[in-house]
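The structure under discussion appears below in the form of structure tokens.
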Amino acid sequence: MRENVSVCGTDCSVCYCFGKMCNGCNSCEGKVFHAPEGKACPIYDCVRNGKCMQNCGECGDVPCKIWFDTRDPKFSDEEFSENVIMRVQTLKRE
């Protein structure tokens, strides 16, 4: 998996926070700026710590309820749907 692609298929290097507030999901083991203090992102926690997989692409439930529960509120419904499709495609290539 490419270094800046997170377990959920997001390319962290294109995020406005990358290199400023956050160095990416993989480098901080999911403890990204938007996760509760000291805790890993629920998606990272599930796939790496719970299921001991490398990324969500190895899971038969992708995209799952956790993806929808951790939705970035800045996305419209259409933008979120496109984002999910893009992330799943990225995971299939990894």
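Numbers for residues simply follow the sequence, beginning at 1. Just the heavy atoms: all of them, side chains too, but no hydrogens, waters or symmetry mates, feed the values below.
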Pairs of donor and acceptor atoms involving the side chains of residues 56-67, under 3.5 Å and at least two apart or interchain, shall be tabulated with distances.
unit_1	atom_1	unit_2	atom_2	d
E58	OE1	Q54	N	3.4
E58	OE2	Q54	N	3.4
K65	NZ	D69	OD1	3.3
K65	NZ	D69	OD2	2.7

Stepwise side-chain contact (heavy atoms from CB on, under 4.5 Å) test for V7 and L91: CA-CA 8 Å; V7 299; L91 290 168; over 6 Å; no
Across all chains, not counting sequence neighbours, the side chain to side chain contact (heavy atoms under 4.5 Å, CB included) partners of T90 are R2, V5, M86, R93, E94
Which donor-acceptor pairs under 3.5 Å do the side chains of residues 72-80 make with protein atoms, sequence neighbours left out?
unit_1	atom_1	unit_2	atom_2	d
D72	OD1	K74	N	3.0
S76	OG	E79	N	3.1
S76	OG	E79	OE1	3.4
D77	OD1	R71	NH1	3.1
D77	OD1	R71	NH2	2.9
E79	OE1	S76	N	2.8

CG on N26 to OG on S6, rounded to 0.5 Å: 6.5 Å
In terms of heavy-atom contacts, C22 and V32 come closest through SG-CG1, 3.8 Å
When the side chains of residues 33-52 are checked against the rest of the protein, which donor-acceptor pairs come out under 3.5 Å, sequence neighbours left out?
unit_1	atom_1	unit_2	atom_2	d
D45	OD1	N49	ND2	2.8
R48	NE	M53	O	3.3

Contacts of S13 meeting side chain to side chain contact (heavy atoms under 4.5 Å, CB included) (sequence neighbours excluded), chain-then-number -> N4, D11, F18
Write down the atom of N23, the atom of G19, and the distance for their closest heavy-atom approach. OD1-CA, 3.8 Å
Output yes when a side-chain donor or acceptor of K92 lies under 3.5 Å from a complementary backbone atom of V88, and no otherwise. no
